[in-house]
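Heads up: the structure comes next, in structure tokens.
When reading the values below, keep in mind they use all heavy atoms of this one structure, side chains included, and skip hydrogens, waters and symmetry mates. Below, chain A is the first sequence line, B the second, and so on; all start at residue 1.
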Amino acid sequence: MPETYDPRTVETAAQKFWAATHAFEVKEDAARQKYYCLSMLPYPSGALHMGHVRNYTIGDVISRFQRMQGDNVLQPMGWDAFGLPAENAAIKRGIPPARWTRQNIEHMRGQLQAMGFAIDWSREFATCDPAYYVHEQRMFVRLFKQGMVYRKNSVVNWDPVDQTVLANEQVVDGRGWRSGAPVQKREIPQWFLKITVYAQELLDGLDRLPGWPDAVKIMQRNWLGRSEGLELRFDVEGGGSLEVFTTRPDTLMGVTYLAIAAEHPLALEAARHNPQLQKFVDACKQGGVSEAELETREKLGIDTGLFALHPVTGERIPIWIANFVLMGYGTGALMAVPAHDQRDWEFATKYDLPITMVVISDPVRDAIAELARDAADNTDAMSAALGQSKAIDVVEPSSAASILDEYAHRIIVDGPFCAHGTLVNSGAYDGMDYDQAFDALAERFAHEGRGRRKVNWRLRDWGISRQRYWGCPIPVVYCAKCGAVPVPEDQLPVKLPEDVAFSGVRSPLKSDPEWRRCQCPQCGGAAERETDTFDTFMESSWYYARYCSPGAATQIDARADYWLPVDQYIGGIEHAILHLLYFRFYHKLLRDAGLVHSDEPAANLLCQGMVIAETYFRAGANGEKTWINPADIDVTRDARGRVAGATLRAGGLPVSIGATEKMSKSKNNGVDPQLMIDRYGADTVRLFSMFAAPPDQSLEWSEAGVEGMARFLRRFWRDVAAHAAQPDHPPLDPATLKPAQKALRRQLHATIAKVGDDIGRRRAFNTAIASLMELLNALEKFTDVSDAGRALRHEVLESMVLLLNPFTPHASHALWQMLGHAETLIEDVAWPRADPAALVRDSVTLAVQVNGKLRGTLDAAPDAPRGALEAAARALPGVVAALGGKAVRKVIVVPGKIVNIVAG
RNA sequence: GCCGAAGUGGCGGAACCGGUAGACGCAGCAGACUCAAAAUCUGCCGAUAGCAAUAUCGUGGGGGUUCGAGUCCCCCCUUCGGCACCA
């Protein structure tokens, strides 16, 4: 073994060894504890980026760690191969999506292997393989037959110039990204999967996922958006009616207008006879469909001139069309109560609609109640309730009314009161609280057949149709006689033609009459195929289960019961809602199809942060910025080490320093992992990406930081090599160690305990590595070459090789052999155990405070009595000075931590 | 706009359950080695005042709870992620 660390030879040798011995291929083994460690599968975009490196290194650290715990560890890999970028590449470079995708996969597989990930490659697949998506099509057909699938119109972004549907991402400032034309909303028929059937289970299941981050569960809970309310029918003057859903039936008497969506049938009908309304409805069709765009748009409305009748009072209520009411949510109509809803208030204020207060807060209610009890002395209570400095001097008998008037006025001027409270101005419902009013109104309307209690969800059914070529064909044919008919299972897969000319504007499926033409499976007559493809979230919703059943004739087979659920799932936080919700939903579909036997797909979830880097640019004469890659930059610093400026490495021209942002092509701040592997080796890259930040935070790439990791590995290698060259030593006898030896051994065993806890429980890889660095620093100060010293050094180095193995498997593989283990493989060696006897401390250091400020420290036996600690603390010179004769009022002693003397 | 995070030295970060703020790494400064440089090694390294011992301040801003707050509560600011057709 060489004495200096050469990552290239070490890594090539280890990778060759793993490949030759199929080291990470696993089989079901009922006798062993399984561990399924899954990282989100990559989109084959062309080359590995740092986000992949980080994601898969986290997974690999956990996988290798669990293997050293004795588990049968499955870590698979595959490719999320359908999607928009392949079409974009085809447009840009004229390469067919299939060829581009498969080339990328070849290249990226090699890069993953160069990172040394312990992946079972025998299970690999790409989601664009017909052998994969055939099962997805079969599942769709079964769901179709079960009534879980339906077709309805829904709205898409339409580019009127390119005559194509645009993804939200392709709409920039309301215009098509290529044509620049203003985007329009257009309704087209699309397929939907009834995810809302599972809404309640998806919500309840969150409570049974203790291993998922709270942030993800909260976001999913809010996304599902369960609300309990009342569905209520308003009669429309002159015939017809309008259904609304409200979560605030208690505010019913404060309704001053109704608002309906521009696509609402009533709006369309009204617009037919009124050019102004028609103009407004048409204007609402401009722009994209994303919620962010709709919600940030100026809230606009127009009076239809129609009136609804209040279901209790019969009063006439104007009906408005509003651009923020969405046809897709609820009933496409809402009752507006501007006194008690922020958005209704803003709209009413803008269009000068009445604002009627019908709910008051508890303090106002109490003030009124007090007035009733004690009419003489009420001014204080009233002014307190209203929060004003001057008491109102108009009191009884109309004092309660004047409070209400004042309060109602404040709502009109300052804004709505949105919390629950007590009803006023509501006739028979006055004095009720939210629940009482809800119950009373629900009962009344149920009796009248006008309304009913309803649970409403924000969640909408999953639209799975995409008007794109590079995706899994939806296995449906359209027959003039039989309508939409699913393709029979024995005729699947409906294969996507891969050898096609593709301009990017029109899907080859749609422009090829030959591909479309088929026979109706039901009547045998002429029919046409569906030319839409599935949302790519369909493929990524069940791949985890397919990894467990490689080559199965069915979608999933019994082998999955051994591996599922996933023990640890790892991926980006950007997937917190959509992918992870579809993933959970599809698992329930698989369960109800009898294919899996658990309720949730993954027990533990780790969401890693982004990889970010500094940006550098030069501004041209016209102000346009040319972004320069960090790899081509030298940073200059002032005497204190602060960054003073940056220059181009070639030529030395000064450049401007931009923000530190997510690595991206547009800002040219992506650091190529390949370059880093070539320069420093995979172990150093792995180590830095685990050290620089905790996994769930963003990670700033720093080449200087990478060099620091390389230095650490070189030092460690050199120390092991130097030790291996020393003469043999007798076995270590822990009982006879000298104090310095005992101290080092205690640090070793504390580090063993900490690294195991940091990796296994806390997932705090950065602090695990920091503690290993501290241990190496301590070892290098330990110059004892006695027999016991050498034996101890051996224990430290051997443990460190094992503790580092999850992070730097190539170096550990080589160093394990250097330490004399030619017979055993480090991959199968058990994780070291901390020796409790070595951890025992003779003394601990306590902080001593006076009034919460540190005035000294104190060494004491861990079990020293409180009295002794207090006495020792009061004797400290710093404490005496700080007390300065002040009377001690209280002494707080936290054993092993702190003594705080409260004086004054 | 709505939902979810994050903000600590020159920089990345540590402080796990409310108990010595700044571990570890980077950068910087000083020194050793060297003809020199690189590499390596040793020491210093939050701010202010002071020769020093030390004192005061200090975890985005403002308030609060507590013997004690980076950590808990309230309000605010900034940045980031998601918002159903990017994956």
Side-chain angles (χ1 to χ4, degrees), chain A residues 40 42-43 45 80 83-85 88 156-157 165-171 213-216 218-219 221-223 225 289-297 299 324 328 343 459-460 462-463 465-468 535-537 540 572-579 581-582 607 609-610 612 635 637-643 659 661-662 688 691-694 696-702 704-709 711-712 714-715 718 757-758 761-762 764 766-767 769-774 777 780 845-849 851-854 856-857 878 881 889-892 894 897-902:
Chain A
M40 289 182 187
Y43 180 81
S45 54
D80 189 17
L84 213 45
N88 296 339
V156 293
N157 302 305
V165 175
L166 297 178
N168 283 336
E169 179 191 55
Q170 298 170 321
V171 178
D214 287 335
V216 172
I218 292 166
M219 280 191 270
R221 206 169 275 128
N222 292 337
W223 184 262
V289 301
S290 76
E291 189 184 291
E293 193 179 330
L294 295 172
E295 288 282 325
T296 49
R297 180 172 301 171
K299 310 272 184 290
F324 58 84
R343 193 169 59 181
L459 178 73
R460 310 196 296 260
W462 179 9
S465 296
R466 296 292 180 269
Q467 295 69 45
R468 315 212 174 279
D535 177 5
T536 55
F537 278 128
S540 55
I573 185 67
E574 65 272 22
H575 297 292
I577 297 175
L578 291 179
H579 162 67
L581 198 64
Y582 295 140
C607 291
M610 294 174 306
I612 58 178
V635 170
R637 289 171 187 279
D638 67 13
R640 279 187 129 146
R642 277 187 284 238
V643 172
E661 295 184 51
K662 178 175 180 169
F688 177 74
F691 177 74
D696 55 347
Q697 285 178 30
S698 60
L699 180 153
E700 186 178 333
W701 195 263
S702 141
V706 178
E707 277 166 10
M709 295 303 107
R711 264 198 292 271
F712 169 73
R714 278 198 298 268
R715 268 171 62 199
R718 189 190 59 201
D757 188 52
D758 280 355
R761 179 183 64 91
R762 296 179 65 210
N766 53 331
T767 53
I769 294 166
S771 69
L772 286 163
M773 289 175 166
E774 285 181 77
N777 291 343
E780 289 184 352
T845 305
L846 288 90
V848 180
Q849 300 177 337
N851 290 336
K853 282 193 177 186
L854 186 71
T857 60
R889 289 203 309 234
K890 194 168 161 189
V891 178
I892 289 149
V894 183
K897 299 239 165 173
I898 203 164
V899 179
N900 188 13
I901 300 170
V902 186

Quick one: label A:Met610 by what it contacts on the DNA or RNA (base, sugar-phosphate, nothing), any heavy atom closer than 4.0 Å. sugar-phosphate
Using Watson-Crick or G-U wobble geometry with both distances under 3.5 Å, which nucleotide pairs with B:C33? none
A:Phe537 side-chain proximity, nearest of B:C85, B:A87, B:G19: B:A87
The side chain of A:Trp223 is closest to which nucleotide in this list: B:G19, B:A84, B:C85? B:A84
Which part of the nucleic acid, if any, lies within contact of A:Glu291, taking any heavy atom under 4.0 Å across all strands shown: a base, the sugar-phosphate backbone alone, or nothing? base
Measuring only the C1' atom in each nucleotide, how far is B:G22 from B:C57? A whole number of Å is fine. 15 Å
Rounded distance (nearest 0.5 Å) linking atom NE2 of A:His579 with atom CG of A:Asp80: 9.0 Å
B:A5 pairs with, by Watson-Crick or G-U criteria that keep both distances under 3.5 Å: B:U79
Below 4.5 Å, heavy atoms only, C-beta onward: do A:Phe324 and A:Leu294 meet side chain to side chain? no
Checking contacts here: which listed nucleotide (B:A14, B:C86, B:C85) is nearest the side-chain heavy atoms of A:Pro694? B:A14
Touch class at under 4.0 angstrom, heavy-atom based, for A:Asp696 against every strand present: nothing
Ranking B:G13, B:G25, B:A84 by distance to the side chain of A:Asn766, first place goes to B:G13
So, is A:Arg762 close to the B:A15 phosphate, meaning a side-chain N or O under 4.0 Å from OP1 or OP2? yes
Watson-Crick or G-U wobble partner for B:C44, using a 3.5 Å limit on both distances? B:G28
Is a salt bridge present between A:Arg297 and A:Glu293, judged by a nitrogen-to-oxygen distance below 4.0 Å? yes
Taking for each residue the nucleotide of RNA chain B with the nearest heavy atom, is it A:Lys890 or A:Glu780 whose nucleotide lies nearer the 5' end? A:Glu780
Using a heavy-atom cut-off of under 4.0 Å over every strand shown, decide if A:Met219 touches base, sugar-phosphate, or nothing. base
Watson-Crick/G-U partner (both atom distances under 3.5 Å) of B:A49: B:U54
Under 4.0 Å, counting only non-hydrogen atoms across every strand here, what does A:Leu459 touch: a base, just sugar-phosphate, or nothing? base
Let me spell it out: for each of A:Gly852 and A:Phe688, pick the nucleotide of RNA chain B with the closest heavy atom. Which residue's pick is nearer the 5' end? A:Phe688
If you check every side-chain atom of A:Ala770, which of B:A23, B:G81, B:A87 has the closest atom? B:A23
So what does A:His579 touch, heavy atoms closer than 4.0 Å: a base, only the sugar-phosphate, or nothing? nothing
On a whole-Å scale, what distance lies between the C1' atoms belonging to B:G19 and B:U66? 12 Å
If I pick the P atom on B:G13 and the same atom on B:C73, what distance separates them, to the nearest angstrom? 23 Å
Answer with base, sugar-phosphate or nothing: what part of the nucleic acid does A:Ala292 contact at a heavy-atom distance below 4.0 Å? base
Are A:Lys853 and B:C57 close enough that a side-chain N or O sits under 4.0 Å from OP1 or OP2? yes
Whole-angstrom distance between B:A39 and B:A27, as gauged at atom P: 9 Å
A:Asn777-A:Arg715 side chain donor-acceptor pair, cut-off 3.5 Å: yes
No-H, no-angle donor-acceptor pair, A:Asn222 side chain to B:C3 base, under 3.5 Å: no
Counter-base of B:A39, judged by Watson-Crick or G-U geometry with both distances under 3.5 Å: none
Using atom C1' in both nucleotides, what's the gap between B:G68 and B:C86 to the nearest angstrom? 50 Å
Would you kindly give the CD-to-C1' distance between A:Gln697 and B:G4, to the nearest whole Å? 15 Å
When we call it a touch if two heavy atoms are under 4.0 Å apart, what does A:Ser771 touch: a base, just sugar-phosphate, or nothing? nothing
Using the C1' atom as the point on both nucleotides, what is the distance between B:C11 and B:G28, in whole Å? 11 Å
4.5 Å side-chain heavy-atom contact, A:Val216 and A:Ile573: yes
Counterpart base for B:A14, defined by Watson-Crick or G-U wobble contacts under 3.5 Å: none
Taking only the side-chain nitrogens and oxygens of A:Asn900, find out if one of them lies under 4.0 Å from OP1 or OP2 of B:G19. no
Suppose we call a contact any N or O donor and acceptor under 3.5 Å apart; does that hold for the side chain of A:Gln849 and the base of B:C67? no
Quantified in whole Å, what is the P atom distance between nucleotide B:U20 and nucleotide B:U59? 16 Å
Return yes if the base of B:C16 and the side-chain atoms of A:Arg761 contain a donor-acceptor N/O pair under 3.5 Å, otherwise no. yes
Do the side chain of A:Asp757 and the main chain of A:Arg762 share a donor and acceptor less than 3.5 angstrom apart? no
With heavy atoms under 4.0 Å as the rule, sort A:Val165 into base, sugar-phosphate or nothing. base
Side chain of A:Leu854 only, please: which of B:C26, B:A84, B:A21 is the nearest? B:A21
Within the pair A:Asn168 and B:A84, is there a side-chain N or O less than 4.0 Å away from OP1 or OP2? yes
For the side chain of A:Arg711, starting at C-beta, report the closest nucleotide among B:C86, B:G19, B:A27. B:A27
Who does B:A21 pair with, Watson-Crick or G-U, both distances under 3.5 Å? none
Residue A:Asp80, side-chain atoms from C-beta onward, closest of B:A84, B:U20, B:A87: B:A87
Counting only side-chain heavy atoms from C-beta out, which of B:A87, B:C16, B:C24 sits nearest to A:Asn777? B:C24
Please identify which of these residues, A:Leu846, A:Ile892, A:Val894, A:Thr857, meets the side-chain contact (heavy atoms from CB on, under 4.5 Å) condition with A:Val899. A:Leu846
Distance from A:Phe537 atom CZ to A:Leu578 atom CG, nearest 0.5 Å? 5.0 Å
With rounding to the nearest 0.5 Å, note down the distance linking CD in A:Glu707 to CZ in A:Phe688. 10.5 Å
Indicate, with a heavy-atom threshold strictly under 4.0 Å, whether A:Arg343 touches base, sugar-phosphate, or nothing. nothing
Reckon A:Gln467 touches a base, only the sugar-phosphate, or nothing at all at heavy-atom distances under 4.0 Å? base
Under 4.0 Å from OP1 or OP2 of B:A39: is there any side-chain N or O of A:Arg715 that close? no
Nearest-Å distance for atom pair CG/P, residues A:Asn88 and B:C85: 17 Å
With heavy atoms under 4.0 Å as the rule, sort A:Thr857 into base, sugar-phosphate or nothing. base
Whole-angstrom distance between B:U48 and B:U42, as gauged at atom C1': 30 Å
Need one value for A:Ser540: base, sugar-phosphate or nothing, where a base atom within 4.0 Å counts as base even if backbone is also close, heavy atoms only. nothing
Of all the choices, B:G19, B:U20, B:A5, which nucleotide is nearest to the side chain of A:Ile218 once you look at every atom? B:A5
With a 4.0 Å limit, can you tell me whether A:Arg221 has a side-chain N or O closer than that to the phosphate oxygens OP1/OP2 of B:G4? no
Have a look at A:Ile892 and say if it touches a base, only the backbone sugar-phosphate, or nothing, with a 4.0 Å heavy-atom cut-off. base
If the cut-off is 4.0 Å, is A:Thr536 near the phosphate of B:A87, judged by side-chain N/O to OP1 or OP2? yes
